Amino acid sequence: MKKATIKFLSVLLVLIMCFTSVPLYAFASDNVKITLTAEDLKDDAAAVIETALKEAKKNATDSKIYKIYVPSGKYYLKSGLHIYSNTYLYLQDDTELVKDFTDGTMLKCGVKSETNYGYNGYKNIKVSGGIWNNNYCFESCCMRFAHCNNLKITNLTIKNIYDSHHLEIAAANNVKISNCTFKNYKRKNNTSGEAIQIDILHSEAHFPSYGEYDDTPCKNITVDSCNFISVFSGVGTRSGVIGSYFTNIKITNNYFEKISDKAIACFNYKDSLISGNVIKEATVGIFFEYYPAKNLTSKLYMPNDTSKDVKIKTNCNTVISNNEITVKKKSDYSTSTGMNIVGGVLDKKTAKSSGLKAGNYVVSNITVKNNTIKTKSASSRGMIMTYVKNSKISGNTITASVKSNSKISAISMTSCTSNIIKNNTITGKFYYGIANFSGCSKNELRKNTISKINGYGIYASPDVKVKIYANNKVSKSAKNNIYVNKKSYKLYSDSTKIKSLKVTSGKNIKITWNKVDTASGYTILRSTSKNGSYTIIASVSGKKTTSYVDKTAESKVKYYYIVAPYKTKSTATFIGKLSSSKSIKK
């Protein structure tokens, strides 16, 4: 082709671009780019953007993504926007869309007339950049997504919400919300108002306009590196369906400031991670529940499918770690605490009256480690645990900067069983350091450092059975360092030494140790690494019993053993100094 012809075509293309109001469509690599202009958007921005979104709905495919670009500027939306599969919507960082209508959502996937199931409604959606100003429209969410798969919300700001949510998702799979800011909230009614609500599709009342209500929970959700500023609640879930669990929810590396109620709220979460978040002056830092602490029938529901075999799963397999939490009571909606872990038991009488399933909703297998909690009001607790079992609370630092009211604890446990509380550092003006209240049994307190407590360092109610190790350090408690069943005690510090380990003829491992005259019996602990986590495998009674046969050891595994004498005092078992470890391979 001659150069003159090429030049003519180039000029013609420029003229077409200049004198047409139709957005430019650029085709490259099977994707389609739609670039809107300020001129396009000045009269009716919503109509223009919606036209581009409908074009994407009609023609986009898995291999042909439509990418719609909105230029810098401030534009008013007179109606809501609807995004569909295989569509990316990009705003410039300084682009602001302002809501200029009273009813409905600024952006949602699909329309009300469409019925979808599970995660199969909409897919491959991305919304990035800009400022979405909801303009304090009463009881109106800014963005809503449901029945969707592969959703990304990045690098944007949502602000100015009134009695609703900044962003709401339900029945969603493979979602990443990152580097976003959610700020400014007005509250009139008694609503939870999470900035990001991770919800379940159970009814029109909870999540309107998104049938089918098939109780699909969210899974594989990541909220990372986001900011939550001056909102009522930050991110989380406030209701659930029995037998449906939110799995692989990751809330990581976020920043929370001026949170009136809960920074992070988790309901029915399994296989999840809450880590690396910085929370400043929320009323509640992290709230994790399997059984509603209040409002039972407005938070927990039976499945809509009445033929479904409902199974209560208490193994949450969740880690809460490395969070920096400062709590100060800012509202009366919740008890102020750095962390609250709540399970429960639904008895048959309550089940019959509520229509729910009776059973054990205890939280089990949760790990809470290496968190820092600071309380800044007299009514703020450090950590509350209710109906928690087989869990580990370790390496946390909990401090009170003001004198607490009567009965306020750094770590409070009620109806908790077989948990390991170890390596925690507690100081300040709490009334209790670590408290085992009614219903607790077999909780182990190991290697905790507790000092300068306003009341009792370690406390156990009369009906509580607790194990207290000699390697705890408790000092300068105003009333008693250790107080069990209305009596004061000292740590038991005697020790023994492992004499031998050998494989018996029956291919078990026999452990023998030296006798301790003061002992009520001996505790045997085992690990698969020298410096790893040791678990109690047996307790044998009688000071003259100096051997134990481990029949649960597996072949070709190297085991490390520790033995410690124990002394029974009232309802507590005081465990002496741990022996040096010895190892053997079967």
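For clarity, every value in this text was computed on a predicted model and none was experimentally measured.
- Salt-bridge formation is detected for the pair Lys299/Glu289: a Lys NZ or Arg NE/NH1/NH2 atom is positioned less than 4.0 Å from an Asp or Glu carboxylate oxygen.
- Residues passing the side chain to side chain donor-acceptor pair (under 3.5 Å) test with Tyr213, sequence neighbours excluded: Glu204.
- The side chain to side chain contact (heavy atoms under 4.5 Å, CB included) check on Ser230 picks up Asn184, Lys258, with sequence neighbours excluded.
- Side-chain atoms of Ser260 and Ser331 include no donor-acceptor pair closer than 3.5 Å.
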What donor-acceptor contacts under 3.5 angstrom involve side-chain atoms of residues 67-79, with partners at least two apart or in another chain?
unit_1	atom_1	unit_2	atom_2	d
Ser72	OG	Asp94	OD1	2.7
Ser72	OG	Asp94	OD2	3.4
Tyr75	OH	Ser72	O	2.6

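- Shown here are the side chain to side chain donor-acceptor pair (under 3.5 Å) partners of Ser140, two or more places apart in sequence or in another chain: Lys99.
- Judged by distance alone, the side chains of Asn371 and Asn396 do bring a donor and an acceptor atom under 3.5 Å apart.
- When side chains are defined from C-beta on, Val362 does not count as touching Val388, because their heavy atoms never get closer than 4.5 Å.
- A side-chain donor from one of Ser377 and Ser380 sits under 3.5 Å from a side-chain acceptor of the other.
- Judged by distance alone, with hydrogens and angles left aside, the side-chain atoms of Glu194 form no donor-acceptor pair with the main-chain N or O of Ile198 at under 3.5 Å.
- Side chain to side chain, Ser334 and Lys262 meet the donor-acceptor criterion of an N or O pair below 3.5 Å.
- Ionic pairing of Glu168 and Arg144 is present here: one or more N-O contacts between side-chain nitrogen and carboxylate oxygen are shorter than 4.0 angstrom.
- Looking only at atom types and distance, the side chain of Asp271 has no donor-acceptor partner in the side chain of Asn248 under 3.5 Å away.
- A donor and an acceptor atom, one from each side chain of Asn135 and Asn160, are nowhere located under 3.5 Å apart.
- By the side chain to side chain donor-acceptor pair (under 3.5 Å) test, Asp44 pairs with no residue at all, sequence neighbours left out.
- Asn365 is not listed as a side-chain neighbour of Asn390, based on a closest heavy-atom distance of 4.5 Å or more.
- Relative ring orientation between His166 and Tyr185 is described as parallel, the plane-to-plane angle staying below 30° on a 0-90° scale split at 30° and 60°.
- In the model, Asp224 has no side-chain atom that pairs as donor or acceptor with a side-chain atom of Thr222 under 3.5 Å.
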Item to complete: For the pair Tyr66 and Glu55, evaluate side chain to side chain contact (heavy atoms under 4.5 Å, CB included) and give the outcome as yes or no after the intermediate values.
Response: CA-CA 9 Å; Tyr66 268 64; Glu55 175 71 14; 3.8 Å; yes
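- Using cut-offs of 30° and 60° for the angle between ring planes, the Phe256 and Phe228 rings count as parallel.
- Taking the centre and axis of the six-membered ring of Phe138, the NZ or CZ atom of Lys188 falls inside the cone set by 45° and 6.0 Å.
- Between Tyr301 and His206, the angle of the ring planes goes over 60°, which puts this pair in the perpendicular group of the 30/60° scheme.
- No side-chain N or O of Asn340 forms a donor-acceptor pair with one of Thr337 less than 3.5 Å apart.
- If you check the side chains of Asn116 and Tyr122, you find a donor sitting under 3.5 Å from an acceptor.
- Side chains of Glu257 and Asn227: a donor-acceptor N/O pair is absent below 3.5 angstrom, by distance only.
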Item to complete: Mind running salt bridge (charged side-chain N to carboxylate O under 4.0 Å, His left out) on Asp261 and Lys330 for me, showing each step along the way?
Response: CA-CA 7 Å; Asp261 194 58; Lys330 301 172 75 65; over 6 Å; no
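- Under 3.5 Å, the side chains of Thr252 and Ser275 contain no donor-acceptor pair of N or O atoms.
- For Glu114 and Lys57, the salt-bridge test passes: some basic side-chain N is under 4.0 Å from an acidic carboxylate O.
- Not a single salt bridge (charged side-chain N to carboxylate O under 4.0 Å, His left out) links Lys357 to another residue, sequence neighbours left out.
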